[in-house]
Amino acid sequence: MLTRRAFALALPALAAAGASLAADEAGTGTLRFLRVRHRTLLIDLAGRRALVDPCFEPGLGAPGLFASAAPAFPAEATGPLDLLLVTGCEPGAFSAASTRRLRAREARCLVPDERIAKVLRHQGFRRVRVVVPGDQLTVAGVEVQISHSASLGIGPGVGFHLSRA
């Protein structure tokens, strides 16, 4: 099982190098992170792929104050996905224009509110579930625990803790 410690150890390298590989402590697989931009991460958990906070739009930031780097690759290049995870409603966490360009319509989607769920269903994603803190489920061979996460007051926010099933 991947632990929070292994996840926390991988993040600094991710931020510095753009990608990180960390073996899980139980020796049962690998964990790969690819930082696409800002909050958008592509995670490979022993062969299961998850995209967190799909936002590939240009010009993300506060005009005149800061701007997020351009995405490492376009939404169309994400390849097959098992999970699409959205942590919140604020800019940088979800972009309907970005999810429209994803080719992984079979991905299982976990989202924090019904508004995002409706957008994804309208775009052709068939496996969409609204989650709340405290939920525990197994999806696509991955155990997912949902925790509370602060949002910017725009809507509910959740955190995802992933481990192999």
Side-chain angles (χ1 to χ4, degrees), residues 1-56 68-69 71-90 92-95 98-99 101-113 116-117 120-121 123-151 156-165:
M1 179 170 133
L2 292 169
T3 65
R4 289 184 193 174
R5 181 173 177 271
F7 182 81
L9 290 173
L11 286 180
L14 168 69
S20 177
L21 173 66
D24 73 35
E25 293 176 1
T28 58
T30 59
L31 174 65
R32 284 186 189 264
F33 294 87
L34 177 60
R35 184 174 185 193
V36 177
R37 69 156 338 150
H38 188 55
R39 292 167 55 164
T40 305
L41 297 172
L42 186 58
I43 300 172
D44 185 312
L45 177 61
R48 296 296 186 184
R49 297 185 62 193
L51 181 64
V52 180
D53 288 342
C55 186
F56 292 84
S68 180
F73 50 84
E76 297 85 357
T78 57
L81 297 172
D82 297 296
L83 295 167
L84 180 65
L85 309 173
V86 179
T87 63
C89 304
E90 59 269 1
F94 176 74
S95 165
S98 294
T99 54
R101 296 185 352 239
L102 292 174
R103 295 184 178 151
R105 295 287 187 254
E106 295 301 315
R108 291 166 177 91
C109 307
L110 303 178
V111 300
D113 76 353
I116 293 173
L120 290 173
R121 288 181 190 119
Q123 292 177 349
F125 291 91
R126 292 182 284 153
R127 300 173 179 166
V128 182
R129 179 175 176 170
V130 176
V131 294
V132 296
D135 284 353
Q136 295 183 8
L137 51 142
T138 300
V139 182
V142 177
E143 288 183 23
V144 182
Q145 295 180 356
I146 312 302
S147 65
H148 176 74
S149 179
S151 73
V158 295
F160 298 95
H161 306 270
L162 308 176
S163 62
R164 283 186 63 183

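Please read these numbers as outputs of a predicted model, since none were measured by experiment.
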Please identify which of these residues, Cys109, Cys55, Pro54, meets the side chain to side chain contact (heavy atoms under 4.5 Å, CB included) condition with Thr99.
Pro54
When you look at Leu34 and Phe73, which way does the side chain to side chain contact (heavy atoms under 4.5 Å, CB included) test go after all the steps?
CA-CA 11 Å; Leu34 177 60; Phe73 50 84; 3.2 Å; yes
Side-chain touch Leu85/Thr87, heavy atoms, less than 4.5 angstrom:
no
Quick test of your reading: applying salt bridge (charged side-chain N to carboxylate O under 4.0 Å, His left out), list the pairs with at least one residue in residues 71-88, sequence neighbours left out, ordered by first then second residue.
Arg48-Asp82, Glu76-Arg101
Indicate yes or no: at least one non-hydrogen side-chain atom of Leu45 is less than 4.5 angstrom from one of Arg164.
yes
Nearest heavy-atom neighbours spanning Val131 and Phe160
CG2-CE2, 4.2 Å
Could you tell me which non-hydrogen atom of Ile116 sits nearest to which non-hydrogen atom of Asp113, and how far apart they are?
N-OD1, 3.1 Å
So the salt bridge (charged side-chain N to carboxylate O under 4.0 Å, His left out) pairs with at least one residue in residues 123-132 (sequence neighbours excluded) are Glu106-Arg126
Would you say Val52 and Val86 make side-chain contact, with heavy atoms under 4.5 Å?
no
Among residues at least two apart in sequence or on other chains, which ones pass side-chain contact (heavy atoms from CB on, under 4.5 Å) with Ala117?
Val111, Glu114, Arg121, Val128, Val130
Considering non-hydrogen atoms only, spot the tightest contact between Ser147 and Pro133 and give its length.
C-CB, 3.8 Å
Under 4.0 Å between a side-chain nitrogen and a carboxylate oxygen: does that hold for Arg39 and Asp53?
yes
How long is the span from the NE2 atom in His161 to the CD1 atom in Ile146, to the nearest 0.5 Å?
8.0 Å
Starting at CG of Leu102, measure out to OG1 of Thr78 and round the result to the nearest 0.5 Å.
5.0 Å
Quick one: are Leu51 and Ile43 in side-chain contact, heavy atoms under 4.5 Å?
no
Would you give the length of the straight line joining atom CG of Leu137 to atom CG of Leu110, rounded to the nearest 0.5 angstrom?
6.0 Å
What heavy-atom pair brings Gly79 and Ala104 nearest, and what distance separates the two atoms?
O-CB, 4.1 Å
Atom CG of Leu83 and atom CG of Leu162: how far apart are they, to the nearest 0.5 Å?
7.0 Å
Can you see which heavy atom on Phe56 is nearest to which on Ser98, and at what distance?
N-OG, 2.7 Å
